[in-house]
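Written below as structure tokens is the structure these notes are about.
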There are 2 protein chains.
Amino acid sequence: MIDFTPKKLPKQARSRASFDAIIEASAQLLSGGTYEALTTNHIAQRAGVSIGTLYEFFSNKETIIAILAERRMQALVTVMQNALIPASSMRPWEGVAHILESAVATMVAERDVYHALLRQIPFVRQLPAVRASRAAMTDFTQMIRVRSADVLNLPAPEMDAWLISQMLSNAILEIAFRNTDAATRAVLTRELARLTYRMAVGRDPEAG
Amino acid sequence: MIDFTPKKLPKQARSRASFDAIIEASAQLLSGGTYEALTTNHIAQRAGVSIGTLYEFFSNKETIIAILAERRMQALVTVMQNALIPASSMRPWEGVAHILESAVATMVAERDVYHALLRQIPFVRQLPAVRASRAAMTDFTQMIRVRSADVLNLPAPEMDAWLISQMLSNAILEIAFRNTDAATRAVLTRELARLTYRMAVGRDPEAG
DNA sequence: GAGTATTCCGAGTAATTGCTTGGATTACAA
DNA sequence: TTGTAATCCAAGCAATTACTCGGAATACTC
């Protein structure tokens, strides 16, 4: 729909630093304020750059936070992909738990930023990287199914995959944004993995 | 946090009509536009009322849509509660399916309004009625558990209840906002009920 | 070192928009 | 009927804010 690519890409080291500073300044401001209160002049100021420079590279405000969102969501996918390696040698539901835990941890480290992006800015949900992260979620749940011997088949596999990935991605947000201690979050995340196993496989992972 | 009660309540029939017109005009404008494009002057115009009258009863723009949101979410809870009666004489997972179906149907009938409220306006999530609707969701999933004979116990019942209700409420939004035909939506909703049964009980409803 | 491209600057503009205000109308009560 | 409260009106204010523009400063190239 909308084009969220930069107006112009920085070509020298100096402007590359400015470009980055602008994006990270936005993150800083989002974490500690609302999206509503975020203004381009503030961003420029925080980035130590003039407003003119800002508009040299970004054609509008949305582009800035779109790029920020892409960065963070890409980071999230990478974290999950890296967690996939150790996960594959665990028991299926604990592997998923491990993947979910790393995702949650990544978001918790920048809770307010992720919260602002995913819960306060409508168009972020439509960005490619966000969709990609959801697709990754589908892959990971597939892992449970293929690695579990006797899977009770569901009548509509694609629909179930879609439903489960939607529920999972939403649930990890709820856990990450929730206001509790790390221990509770950990238990919640493991329980989530267990519930996911129940959904995908049709029985409890600890059941005979 | 913020006080979203009307500035003044209408006392005569005439103003009661204006009050209502303002709220429903907001709904009309939300359905067919974005929240961003919603202005108080537009609302007044659509309601056939002057901007002065609008501010006679509502102290600010947020209050208007907060009241609209409360109305719609209350309607949703009512629909679900009414669906509870026939549901109680069905097999557990089909009872839940029935409840979810009525919830989805209610939202689909005003898709854009619910979408705008719940996905474009950050503060709506914090309104009492929205929280209440989530609480209702918890109750309904409890229904499955208590009516299913041999339930595999989960280690942390409250956490699981919370997780399941979060996932359910998010999932019905995803289904309702999804761009498909009614038949697909119906299948998705039933599948969701089935997955919920799997989560809550620990086995498939159709399994021996 | 001249010439060109890139980067930076920040005062100012244009447009939007939530909301006020002072007064006109209408309903109700005694 | 008369006084009071409720309701309605819309021009316009005040504040915000995304973005432009003309030009200065800095970096690259030959």
Side-chain angles (χ1 to χ4, degrees), chain A residues 2-26 29-30 33-69 116 120-124, chain B residues 2-26 29-30 33-69 116 120-124:
Chain A
I2 324 171
D3 186 27
F4 284 138
T5 50
K7 172 193 214 169
K8 186 209 287 187
L9 284 173
K11 305 194 170 175
Q12 303 178 1
R14 183 171 45 140
S15 58
R16 233 169 292 140
S18 301
F19 189 95
D20 250 53
I22 289 165
I23 291 173
E24 294 306 323
S26 308
L29 291 173
L30 278 183
T34 66
Y35 175 61
E36 234 189 52
L38 185 73
T39 76
T40 48
N41 285 295
H42 270 122
I43 296 172
Q45 186 181 0
R46 171 64 68 100
V49 155
S50 86
I51 184 66
T53 299
L54 187 152
Y55 279 98
E56 193 76 25
F57 298 103
F58 303 94
S59 36
N60 50 51
K61 185 173 140 187
E62 285 75 35
T63 302
I64 302 172
I65 70 122
I67 293 174
L68 168 63
Q120 294 181 30
I121 313 178
F123 73 80
V124 167
Chain B
I2 324 172
D3 185 26
F4 285 138
T5 51
K7 172 194 216 169
K8 185 209 288 188
L9 284 172
K11 305 194 171 175
Q12 303 177 0
R14 184 169 45 141
S15 59
R16 233 168 291 139
S18 300
F19 189 95
D20 250 52
I22 290 166
I23 292 173
E24 294 306 323
S26 308
L29 291 172
L30 279 183
T34 65
Y35 174 61
E36 234 189 53
L38 185 71
T39 75
T40 49
N41 286 296
H42 271 122
I43 296 172
Q45 186 181 1
R46 171 64 68 100
V49 156
S50 86
I51 183 67
T53 299
L54 188 152
Y55 279 98
E56 192 77 22
F57 298 102
F58 303 95
S59 37
N60 51 51
K61 183 173 142 187
E62 285 75 35
T63 302
I64 301 173
I65 69 121
I67 292 174
L68 167 63
Q120 295 181 28
I121 313 179
F123 72 80
V124 166

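Quick note on labels: first sequence line is chain A, next is B, and so on, each numbered from 1.
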If we only count heavy atoms from C-beta on, is the A:Y35 to A:L30 side-chain gap below 4.5 Å? yes
| request: Measure the shortest side-chain to side-chain distance between A:F19 and A:I67 over non-hydrogen atoms and say whether it is less than 4.5 angstrom. | output: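 Counting from C-beta outward, A:F19 and A:I67 do come under 4.5 Å.
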Using a 4.0 Å cut-off on heavy atoms, which residues in [range] reach DNA chain D? List them by number, or say none.
range: residues 39-58 of chain B; answer: B:V49, B:S50, B:I51, B:G52, B:T53, B:E56, B:F57
range: residues 12-22 of chain A; answer: A:Q12, A:R14
range: residues 61-68 of chain A; answer: A:K61

When you list every nucleotide of DNA chain C with an atom under 4.0 Å from a heavy atom of chain A, which one comes first 5' to 3', and which comes last?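 That gives a stretch of C:dT6 to C:dA11.
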Indicate the atoms forming the closest heavy-atom contact of [X] with [Y], along with that distance.
X: A:T40; Y: A:L54; value: O-CD1, 3.6 Å
X: A:A37; Y: A:H42; value: O-ND1, 4.1 Å
X: A:S15; Y: A:P10; value: OG-CB, 3.2 Å

At a 4.0 Å cut-off to heavy atoms of chain B, the contacted part of DNA chain D spans D:dA6 to D:dA11
How many angstroms lie between atom [atom1] of [X] and atom [atom2] of [Y], to the nearest 0.5 angstrom?
X: A:Q120; Y: A:E36; atom1: CD; atom2: CD; answer: 8.5 Å
X: A:I65; Y: A:L29; atom1: CD1; atom2: CG; answer: 12.5 Å
X: A:I23; Y: A:L68; atom1: CD1; atom2: CG; answer: 7.0 Å

Side chains of residues 56-63 of chain A: which donor-acceptor partners sit under 3.5 Å, not counting sequence neighbours?
from  : atom 1 : to    : atom 2 : distance (Å)
A:E56 : OE2    : A:K8  : NZ     : 2.9
A:N60 : OD1    : A:E62 : N      : 3.4
A:N60 : OD1    : A:T63 : N      : 3.0
A:N60 : OD1    : A:T63 : OG1    : 2.8
A:K61 : NZ     : A:L38 : O      : 2.9

Should we say atom NZ of B:K11 is surrounded by more than 12 heavy atoms from elsewhere, each under 6.0 Å from it?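 For B:K11, atom NZ is not crowded (no more than 12 foreign heavy atoms under 6.0 Å).
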